[in-house]
Amino acid sequence: MDQTLCFILLLIALCSVSECVQRQYHFINVSKTWTEAQRHCRENYTDLATVDNMNDMNELKKSVNDGRVQYIWIGLKMKTSVDKWQWSSGEPALYLNWEPKQPDGGVEECAFMRNGEWHGYSCSNSLTFICSSSNNTNTELVFVNQTKNWRDSQSFCRQNHIDLVSVRNQNESQQIQKFNDNHISNDVWIGLFKDSWQWSDQSNSSFRDWATGEPNNAGGNENCTVIIQKAPSQWNDGSCNNQNPFVCHEDKLILITENLTWTEALRHCRQNYTDLVSVHSDERQRRVMNVVKGASTEAVWLGLRHSCTVGFWFWVSGETVCYQNWAPGNGTGDEDCVSAVRSGAVQSGGDQRWISRPEHNKLNFICSRYEE
């Protein structure tokens, strides 16, 4: 067996990569107001804690080493701007397909689909729902014939698939309605919701773990979020002027807004962090999409490299490219190896997909603290 084939088989063997903890949490057992806690976290770490999923919540709870603490600040605060509808995946709702006279401006905070059109509905009601899933090349739809409220539906989709389904254009709307008709269902939750809360680090994470009946804005001034330490450790809204211990987070993905070639970016990351970022899953891709929002170039270097010797893409951290998120016409392996070596970048706008660029281009880049 020649060396090239051995190398390929070795990379294929590394295709099963477990998702790492995305943030490191730091419990600060000093009582401060929410604003004081935010300042402390930004000066010493990244920000007050953001939570994306139950894995994050479990990691955050592990960081709290004092069982006597009753309430703990995290980075979720009431927005000062007008609420907007958004998708559970974090995407803005640019395409809308409301049934006439919907939403009617009442208590509706979540959306369901009926006969292809959308209706506002209280998130506490129970319906069947549609999840999005993936086979690494295409997005698939999964009908769940269980009735759950919107938050529980969201949790189910995230734990078992990717997320509640997003409907981004008319073509997708028609596909989802046809899919739903095949399952003889009428009203189904989709991933659209209206939220009046925002993370301190401006993350678009839509994960929430409110305790029953919360948030209730008791007294009209409960604009910040605490974790209730008593099991099951869910969230409550509280006055931002209260003084509580808090949890900071330290991101494992760092956007560097200096413009460097791919090789220069690789050297910078390895000297100061761990490596240029690798992306092995939808969850890691969503993290990257959050990070690149602050980029000053139209694309941002990833740890993707094309080998002209064996004709395929690989991650410089050692893995082959199992998870795929290429823009059309990119990442085919049929690269121009004469004019320049090609490296991979992620678009900072649009669909934020991966593109192939000559390595001598100068771009922002993302470093990682992961030990892959």
Side-chain angles (χ1 to χ4, degrees), residues 22 46 87 89-92 94 134 136-139 166 168-169 201-205 251-308 311-370 372:
Q22 306 286 349
T46 299
W87 294 107
S89 63
E91 301 166 280
L94 303 179
S134 175
N136 284 339
T137 55
N138 297 300
T139 298
S166 299
R168 294 165 295 191
N169 51 54
D201 67 354
Q202 303 303 302
S203 164
N204 59 17
S205 168
D251 280 340
K252 292 196 172 185
L253 299 184
I254 304 94
L255 174 68
I256 309 297
T257 54
E258 184 179 358
N259 294 347
L260 299 180
T261 66
W262 186 88
T263 302
E264 291 169 341
L266 178 67
R267 185 181 305 117
H268 179 97
C269 289
R270 289 183 169 175
Q271 288 176 349
N272 297 282
Y273 301 97
T274 301
D275 215 332
L276 271 170
V277 65
S278 300
V279 184
H280 307 302
S281 67
D282 278 294
E283 184 175 355
R284 182 76 65 86
Q285 174 65 17
R286 285 196 293 269
R287 301 277 184 172
V288 167
M289 291 167 69
N290 270 331
V291 170
V292 299
K293 290 188 296 185
S296 61
T297 51
E298 63 181 13
V300 176
W301 286 129
L302 303 173
L304 268 173
R305 186 74 157 174
H306 181 260
S307 169
C308 291
F312 65 82
W313 288 86
F314 63 95
W315 295 107
V316 291
S317 56
E319 293 83 17
T320 192
V321 183
C322 306
Y323 169 78
Q324 304 274 346
N325 194 45
W326 292 104
N330 290 261
T332 61
D334 185 20
E335 303 290 341
D336 178 10
C337 290
V338 177
S339 60
V341 176
R342 310 291 291 192
S343 296
V346 59
Q347 299 166 323
S348 55
D351 292 336
Q352 295 173 309
R353 293 187 176 272
W354 307 344
I355 57 175
S356 170
R357 298 289 291 267
E359 67 167 356
H360 55 71
N361 284 183
K362 292 196 172 186
L363 303 174
N364 293 177
F365 52 99
I366 299 174
C367 295
S368 168
R369 290 190 176 101
Y370 293 118
E372 300 288 1

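Heavy-atom basis, side chains included; hydrogens, waters and symmetry copies ignored.
Residue pairs meeting the salt bridge (charged side-chain N to carboxylate O under 4.0 Å, His left out) criterion with at least one partner in residues 349-366, sequence neighbours excluded, are Glu298-Arg357, Arg305-Glu359.
Evaluation of the side-chain contact (heavy atoms from CB on, under 4.5 Å) rule for Ser166 yields Trp87, Ser89, Glu91, Arg168 as partners, not counting sequence neighbours. Residues meeting the side-chain contact (heavy atoms from CB on, under 4.5 Å) test with Asp282, sequence neighbours left out: Ser134, Ile162, Arg286, Tyr323. Residues that satisfy the side-chain contact (heavy atoms from CB on, under 4.5 Å) test with Cys367, not counting sequence neighbours, are Ile256, His268, Cys269, Tyr273, Phe365. Shown here are the side chain to side chain donor-acceptor pair (under 3.5 Å) partners of Asn169, two or more places apart in sequence or in another chain: there are none. Contacts of Asp201 classified as salt bridge (charged side-chain N to carboxylate O under 4.0 Å, His left out), with partners at least two apart in sequence or in another chain: none. With sequence neighbours excluded, no residue forms a side chain to side chain donor-acceptor pair (under 3.5 Å) with Trp315. A search for side chain to side chain donor-acceptor pair (under 3.5 Å) contacts involving Gln285 returns Trp354, not counting sequence neighbours. With sequence neighbours excluded, the residues satisfying side chain to side chain donor-acceptor pair (under 3.5 Å) with Ser296 are Asn364.
Counting heavy atoms from C-beta outward, Asn361 and Trp301 have side chains that approach closer than 4.5 Å. Considering only heavy atoms from C-beta on, Arg342 comes within 4.5 Å of Pro358 through its side chain. A heavy-atom distance below 4.5 Å is found between the side chains of Leu266 and Val316.
The main-chain N or O of Trp262 is never found under 3.5 Å from a side-chain atom of Ser343 such that the two would form a donor-acceptor pair. In this structure, the side chain of Ser348 engages the main chain of Thr297 through a donor-acceptor pair within 3.5 Å.
The minimum heavy-atom distance linking Trp313 with Gly331 is given by the pair NE1-CA, 3.6 Å. Scanning all heavy atoms of the two residues, the minimum distance from Ile254 to Asp251 falls at CD1-O, 4.2 Å. When all heavy atoms of Val277 and Ser368 are compared, the closest pair comes out as CA-CB, 3.9 Å. Of all heavy-atom pairs between Ala299 and Ile355, the closest is CB-CD1, 3.9 Å.
Checking each of Thr257, Val291, Leu363, Val292 against Val300 for a side-chain contact (heavy atoms from CB on, under 4.5 Å) leaves exactly one that passes, namely Val292.
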